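Quick notes on the structure that follows.
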Amino acid sequence: MDEPKSLDSLFKEKIFRIPDYQRGYAWQKSQLKDFWEDLINLSGDRSHYTGVLTLKEVSSKEVSETDNEFWLVDDHSYRMYHIVDGQQRLTTFVVFLQAFIDFVKELDGNADKADQEIYITDSLSLEAVINRYLFKTKPTGDQYRTYKFGYTVDNPSYEYLRHKIFNEDGSPSIEETFYTLNLRNAKFYFYEQLKELHAESGMDGLQEIYKKLTKRFLFNEYVIKDEFDVFVAFETMNNRGKRLSDLELLKNRLIYLTTLYSDDEMKPADRRSLRDAINAAWKEVYFQLGRNDKRPLNDDDFLKAHWIMYFQYSRKKGNDYIKFLLDEQFSPQKVHKKVEREVVLEMPEEQRTEFEIDETDNDNGEAEETVVESRALLQPVEIKNYVNSLKESAVHWFNSHYPHLATELTDEEKNALDRLNRIGMGYFRPLVMSVFKNEKDTSKRTDFLDHVERFTFIVFRLSQARSNYRDSEFYNASREFNKKELTLQQIKEKLDTATEYCFNDDGTFNSKYFYDYLYKRFNSGGKSGYYGWHGLRYFLYEYELNLLSQSRQKKVSWEDLLKTPKDKVSIEHVFPQTPTDNWQKAFSGVDQQDYHLYSGSIGNLLLLSMSINASLQNDDFDDKKKPKLNDAGDKVRNGYSDGSHSEIAVSQKDHWRPEEIEERGKTLLSFMEDRWGFKFKDEQTKTDLLFLNESKTDGD
């Protein structure tokens, strides 16, 4: 390895390309900040060692006459390289440089000048900087740009870098992803830093930062030889910055596998077709995962869910899915054809205590050996089917998280998915993805979602089952449905069967589990009652939507309930937990030690339309019903009368006493029966679940 080189030296007569097996630009604010601080704090004549830049030279024979790079490579003045390691740092350099150029061009006096008329120093024009680091323009014919640095054509970020970062005209319709958002953010971040630097130090500061970047940021350049396996190198290198995700590693592995088949096993055209299919799949996956650029979806969550749906599920924790994909299903050993001698080595017999002896361990310690011929167990069509499934599944994964952004779902499907996300989709998300991938009937899909939501509410929110109750069954169902081994009707029957323990022999709801859970909430700790029930906000929101169906105006959004650090701030105790004298008069028949039974009962809890209503606190009932005005007559907070539909219904009461709490509690429990399609055993069961009878009994 030669002495470290500056970027000025590295870019001499070189063309850098980020190949298709590489991930997109992954650096975010913390890495950008480190880069800027390294640059701005570099003092005197000192240099900054940036790391190793690992390259693989692309033979001139591999550059087609139709490629934009051909005119530079053809006369042997330029060589083209794929970046194996260091692409994040090199991408950051060119994005920084483009932000620098954009900023200098917009300085006073430069707006109407051509690049060759704008100078960074007395002898260095912007045109010279662009030609050296960014692109060369073909002087004849079409006069197109050839970029010194960029992505290969089949990389998902190829068009974005050219048109949105390098400002090339004629921008096509570009799909943005999480990675393109990172590119955009990097350019904006550096532009703003340069603006601040110029405000403090003027042109001298810009000249100094340019010299530091191009002359004193140093790389060790390492070029991989032809005989060295570039894909293996990619997997084993430590990439400084953010680690490669499992999804990125898998893409590299699959492309690598396409190179291992002989021409007899795979024709060159088929090899190219498979590689194109891999790139197309990852382009779609990255688009879907980053489609909501403010809240991108996690790579590895999707990959694991698809693994469950496509291959298998195990209860092992951690990275068992990627071990299966890389070490078993898509390992090079499943493609290589070799005659291999399998040897069982003689092992020492470990002395063990009596209770540790495993009766199945009957190895006699003798060495054995067999000769086996391994063969290509993994066929190209299996890779193609897998990547096509990934590609097809990605949109359904996205839609399951963000149904309101989906363009191909019915309103009924969007609403059903919204409900599942609100209540918590849990381990059903792979199954939901499988159903939407394989079932085209929208009414059947909606009916399935409704079954899952009912199951979740009854089993987890009411009957308090463990979060992993029957999870293996429904993980496996996602794979069986994907393989056409299970019908949607059979899945719904599984849901019904798994719910049976929640019901009595006569079909009524077995409220014992819910009652026992609430009893603990009323009688221990903070004595919160229903206020501590983890299904409360979802239940009250569904009740609000039920009231909304009788009106035209939506007053509460689910997102509003999630905006505050304390999720429960939007749930109001009408009768407060610490009542004032006026409240105590209204509840004079209740012993003070039983106040918590009324404040925490379901009928006393109210969904608020705005978190500002938390300022109601201990106000009297009449004050809570009315908006509060300041001395100037301006409203400073809402009252129940102009709040949510639930608030409006409560505001129509003349008084708020124990009777009103009991009445509204029974109304809510009756709504629960209708909404989730079950019946409590009798009216006494409902009364017991309100937990007000304890106070009455004591009072008598």
Side-chain angles (χ1 to χ4, degrees), residues 17-27 82-85 87-88 91 150-162 173-183 230-232 234-235 239 242-260 270-293 296-311 321-322 324-326 329-332 378 380-399 401 433 437:
R17 290 291 176 262
I18 301 172
D20 55 3
Y21 58 82
Q22 287 272 20
R23 63 173 164 177
Y25 185 61
W27 277 20
H82 281 168
I83 304 173
V84 179
D85 188 42
Q87 65 120 333
Q88 304 291 337
T91 305
Y151 296 95
T152 53
V153 175
D154 43 15
N155 193 294
S157 299
Y158 169 75
E159 295 286 359
Y160 191 91
L161 186 70
R162 288 174 54 205
S173 176
I174 297 175
E175 294 178 343
E176 298 195 21
T177 69
F178 171 66
Y179 294 121
T180 61
L181 173 66
N182 290 336
L183 287 169
V230 68
F231 296 98
V232 174
F234 177 80
E235 285 194 22
N239 198 0
K242 296 187 69 176
R243 76 167 186 89
L244 293 171
S245 71
D246 294 333
L247 188 63
E248 291 158 342
L249 284 170
L250 181 60
K251 181 188 179 186
N252 169 73
R253 170 61 62 80
L254 295 178
I255 292 177
Y256 172 46
L257 294 184
T258 67
T259 69
L260 299 182
D270 294 335
R271 194 188 313 276
R272 180 70 256 178
S273 175
L274 180 54
R275 189 156 176 165
D276 288 343
I278 295 169
N279 283 315
W282 258 255
K283 182 177 181 180
E284 174 67 10
V285 168
Y286 284 141
F287 166 65
Q288 295 295 345
L289 295 180
R291 193 165 146 193
N292 185 344
D293 59 7
L297 300 174
N298 182 269
D299 292 12
D300 299 337
D301 287 348
F302 167 68
L303 186 60
K304 183 172 184 177
H306 183 269
W307 166 72
I308 290 171
M309 183 192 80
Y310 197 85
F311 286 115
Y321 70 97
I322 194 61
F324 171 85
L325 292 172
L326 294 180
Q329 183 63 26
F330 299 115
S331 68
L378 180 68
V381 67
E382 296 179 71
I383 299 176
K384 188 170 186 178
N385 289 341
Y386 174 72
V387 299
N388 285 341
S389 178
L390 275 175
K391 180 181 179 181
E392 188 178 349
S393 301
V395 65
H396 305 302
W397 184 251
F398 174 83
N399 290 343
H401 286 84
M433 179 171 66
K437 174 177 177 286

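All figures in this text were calculated on a predicted structure; none of them were measured in a lab.
- With sequence neighbours left out, the side-chain hydrogen bond (donor to acceptor under 3.5 Å, both in side chains) criterion links N182 to no other residue.
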Could you go through L325 and D246, starting from their C-alpha distance and side-chain angles, then the distance that decides it, and tell me whether this counts as side chain to side chain contact (heavy atoms under 4.5 Å, CB included)?
CA-CA 10 Å; L325 292 172; D246 294 333; over 6 Å; no

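- Applying the salt bridge (charged side-chain N to carboxylate O under 4.0 Å, His left out) test to pairs two or more places apart or on separate chains, those with a residue in residues 276-291 are R272-D276.
- Partners of L181 according to the side chain to side chain contact (heavy atoms under 4.5 Å, CB included) rule, which considers only residues two or more places apart in sequence or in another chain, are R184, N185, D293.
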Please report the C-alpha distance between Y286 and S157 in whole Å, then the side-chain angles of each, then the deciding distance to 0.1 Å, and finally whether the side chain to side chain contact (heavy atoms under 4.5 Å, CB included) criterion is met.
CA-CA 10 Å; Y286 284 141; S157 299; over 6 Å; no

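- Residues satisfying the ring-ring contact (aromatic ring centres under 6.0 Å, His included) criterion with F287, sequence neighbours excluded, are absent altogether.
- Between W307 and Y321, the ring planes lie tilted relative to each other; the angle falls in the 30° to 60° range.
- For S273, there are no side-chain hydrogen bond (donor to acceptor under 3.5 Å, both in side chains) partners two or more places apart in sequence or in a different chain.
- H401 is linked by a ring-ring contact (aromatic ring centres under 6.0 Å, His included) to W397, counting only residues two or more places apart in sequence or in another chain.
- Among residues two or more places apart in sequence or in another chain, the side-chain hydrogen bond (donor to acceptor under 3.5 Å, both in side chains) test is passed with Y160 by none.
- In this structure P296 satisfies the side chain to side chain contact (heavy atoms under 4.5 Å, CB included) test together with F178, sequence neighbours excluded.
- Y158 pairs by the side-chain hydrogen bond (donor to acceptor under 3.5 Å, both in side chains) definition with R162, not counting sequence neighbours.
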